[in-house]
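Heads up, the thing below is written out as structure tokens.
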Amino acid sequence: MQLLIAWIDRFTSALAGLLRWLMLLMVIDMLAVVVLRYAVGEGSIVLQESVLYLHAVAFMLGIPYALRENAHVRVDLLHARLGARGRALVDLIGHVLLLLPVSCALVLTSTSYVANAWRILEGSPEVGGIPAVFLLKTLIPVLGGCLALQGLAECGRCLLILRGAVPACVEPPAAGPEI
């Protein structure tokens, strides 16, 4: 099980590594939009839409990494007061009852929506825009799949903690700021 968890974590980290470069590209793209608009007086629909596309990719594919790093928003007031086993139990219940069903529902409910976009090769409604809205919509089930995959790794990690079969270094990172 630890090998599978490690493989999923590496996959999610590799995805995050790619997203770091895409975020840099998005900043450069946005800078180009601003310079073109205010210094040159020109606009570019393709550049503006590419900022939107890059932001969507970063957001949708960054969610599984946030889960892996335990950087997601946590409202559970009890979680911070529990020990490692208590947190693992709370997390396991949350992953099984909430995260995995929502991830699966996301994939199942978006499939026909995305298939229709692919069928017509849906493009931008703007003249001169990026003719690849169908690719952007594909991120919806991809997000669901990647989130479910990382959710399974988190479930496995919680089970290992509950069984006492995992050293402290393999525990999920400390919780981020609570709300």
Side-chain angles (χ1 to χ4, degrees), residues 4-5 7-75 94-155 172-173 175-179:
L4 180 61
I5 292 169
W7 182 86
I8 294 170
D9 284 346
R10 279 194 306 275
F11 172 76
T12 301
S13 293
L15 201 56
L18 172 67
L19 294 177
R20 286 182 185 104
W21 288 106
L22 289 178
M23 292 300 293
L24 177 61
L25 181 61
M26 185 176 76
V27 169
I28 293 168
D29 193 6
M30 191 68 224
L31 180 64
V33 168
V34 171
V35 168
L36 280 174
R37 172 146 338 253
Y38 295 105
V40 181
E42 294 289 323
S44 171
I45 293 173
V46 170
L47 282 177
Q48 288 176 341
E49 284 188 356
S50 64
V51 171
L52 176 74
Y53 277 54
L54 290 168
H55 185 263
V57 170
F59 181 79
M60 299 283 244
L61 299 182
I63 291 173
Y65 184 71
L67 177 64
R68 179 190 177 279
E69 293 297 310
N70 207 9
H72 54 288
V73 175
R74 189 180 297 282
V75 185
H95 295 327
V96 170
L97 295 180
L98 300 170
L99 178 75
L100 293 175
V102 167
S103 297
C104 292
L106 192 59
V107 171
L108 294 173
T109 59
S110 66
T111 303
S112 63
Y113 175 70
V114 173
N116 187 48
W118 272 85
R119 185 179 54 76
I120 63 173
L121 295 177
E122 186 175 357
S124 174
E126 301 293 328
V127 175
I130 299 173
V133 171
F134 65 99
L135 292 174
L136 193 60
K137 288 183 177 182
T138 303
L139 288 174
I140 300 168
V142 169
L143 162 65
C146 289
L147 191 57
L149 191 63
Q150 188 61 47
L152 289 173
E154 298 304 316
C155 287
E178 286 193 31
I179 292 181

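Here the structure is a predicted model, which is why all the values come from computation and not from measurement. Numbers for residues simply follow the sequence, beginning at 1. Heavy-atom basis, side chains included; hydrogens, waters and symmetry copies ignored.
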task = Please check if any side-chain donor atom of Asp9 sits under 3.5 Å from a side-chain acceptor atom of Gln150, or the reverse.
result = yes
Closest heavy-atom contact between [X] and [Y]?
{"X": "Ala117", "Y": "Phe134", "value": "O-CB, 3.4 Å"}
{"X": "Ala153", "Y": "Ile8", "value": "CB-CG2, 3.6 Å"}
{"X": "Pro64", "Y": "Cys146", "value": "CG-CB, 3.7 Å"}
{"X": "Val96", "Y": "Pro101", "value": "O-CD, 3.2 Å"}
{"X": "Leu36", "Y": "Ser44", "value": "CD1-CB, 4.5 Å"}

Can you tell me how far apart [atom1] ([X]) and [atom2] ([Y]) are? Round to the nearest 0.5 Å.
{"X": "Leu25", "Y": "Met30", "atom1": "CG", "atom2": "CE", "value": "13.0 Å"}
{"X": "Phe11", "Y": "Arg68", "atom1": "CZ", "atom2": "CZ", "value": "12.5 Å"}
{"X": "Arg10", "Y": "Leu15", "atom1": "CZ", "atom2": "CG", "value": "14.5 Å"}
{"X": "Ser124", "Y": "Ile45", "atom1": "OG", "atom2": "CD1", "value": "7.0 Å"}
{"X": "Leu61", "Y": "Leu19", "atom1": "CG", "atom2": "CG", "value": "5.5 Å"}
{"X": "His55", "Y": "Leu136", "atom1": "NE2", "atom2": "CG", "value": "11.5 Å"}

ask   = Taking Tyr53 as the fixed residue, which of Val133, Leu135, Leu139 is the one that meets the side-chain contact (heavy atoms from CB on, under 4.5 Å) rule?
value = Val133
query = Hey, which of Ile28, Leu22, Leu24 is the one that makes side-chain contact (heavy atoms from CB on, under 4.5 Å) with Leu54?
reply = Leu22
Within the 4.5 Å heavy-atom criterion, are [X] and [Y] side-chain neighbours or not?
{"X": "Lys137", "Y": "Asn116", "value": "no"}
{"X": "Ser110", "Y": "Leu143", "value": "no"}
{"X": "Leu99", "Y": "Leu67", "value": "yes"}

task = Could you tell me whether the side chain of Ser50 and the main chain of Leu47 form a donor-acceptor pair under 3.5 Å?
result = yes
